[in-house]
Amino acid sequence: MLDIHERLKEVAQTIKPHGINGEVLVQATSGLPLLLSEGMEVCVLPPQLDFSRYGTVESVRAFSDKYLLRFSNITSLASAELVCPGKVMIAASLIPDDLKLYHHSDLVGRQVYDENLELSGVIEEILLGPANDVWQISREGEEKLLLPVLDETVLEIPDEGPILIHVLDGLID
């Protein structure tokens, strides 16, 4: 069972119940692959007092661009309804080292520069897309830039200081 003192990280959101046996439709947290697998211990939030928030993933199956999951602690439509919408958390130690998690609140307001240190702006808003997020970057005296969040466009996100980006041809007039 998960140690209640271990740091947890959100890796998916519960969207809605599916069926009478407690399956839940989930989507991976923005920008992440699905990190949940059978046998993994999870914490499902919001905490409801009717059942334990801690459980184990019993099954995972693809469903369109999302996933249907069955959890050991969610066994009925009624209990599934109590956690939707919500969050699925796992122990931070289970997240691969090469996968950094950033919450939107960590990025909004951060300065960005392109690799030539010419373009400067501030992330004003993060738009959620079906394939990837898009950063809305405000630039002084210029139109806002909509930058898709891709491996090719976001070059480096340091813990502090400006974020290094690459602006793809055609994104700026």
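On a predicted model such as this, the values are computed, not experimentally measured, just so you know.
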(message) Taking the side chain as everything from C-beta on, heavy atoms only, tell me whether Trp135 gets closer than 4.5 Å to Ile165.
(response) yes
(request) Decide whether Gln13 and Thr29 meet the rule of one side-chain donor and one side-chain acceptor closer than 3.5 Å. (result) yes
(message) Using 0.5 Å steps for rounding, measure from the NE2 atom of His18 to the CZ atom of Arg70.
(response) 9.5 Å
(message) Please check: side-chain N/O of Arg110 versus main-chain N/O of Gly161, any donor-acceptor pairing under 3.5 Å?
(response) yes
(request) Identify, with sequence neighbours excluded, every residue that meets salt bridge (Lys or Arg N to Asp or Glu O under 4.0 Å) alongside Lys16. (result) none
(message) Just to verify, what does Glu124 make a salt bridge (Lys or Arg N to Asp or Glu O under 4.0 Å) with, not counting sequence neighbours?
(response) Lys144
(message) Test of understanding: clusters of I, L, V, M, F, W, Y form through side-chain heavy atoms closer than 4.5 Å, transitively. Do Val122 and Leu107 belong to the same one?
(response) no
(message) Has Ser79 got a side-chain atom pairing as donor or acceptor with Ile74's backbone, closer than 3.5 angstrom?
(response) no
(request) Could you grab the distance from atom CG of Leu145 to atom OG of Ser138, nearest 0.5 Å is fine? (result) 10.0 Å
(request) Output the distance between atom NE2 (His166) and atom CG (Asp114), rounded to the nearest 0.5 Å. (result) 9.0 Å
(request) Check whether Phe63 and Val26 end up in the same hydrophobic cluster, where Ile, Leu, Val, Met, Phe, Trp and Tyr are linked by side-chain heavy atoms less than 4.5 Å apart. (result) no
(message) Given Val11, which partner from the list Leu35, Leu94, Leu34, Val42 fulfils the side chain to side chain contact (heavy atoms under 4.5 Å, CB included) test?
(response) Leu35
Donor-acceptor pairs under 3.5 Å, side chain of residues 147-158 to any protein atom, not counting sequence neighbours: which ones?
residue	atom	partner	partner atom	Å
Thr153	OG1	Pro148	O	2.5
Thr153	OG1	Leu150	N	3.0
Thr153	OG1	Leu150	O	3.2

(request) For residues Val88 and Val24, determine if any side-chain heavy atom of one lies less than 4.5 Å from a side-chain heavy atom of the other. (result) no
(message) For the CG atom of Leu68 and the CD atom of Glu23, what is their distance to the nearest 0.5 Å?
(response) 5.0 Å
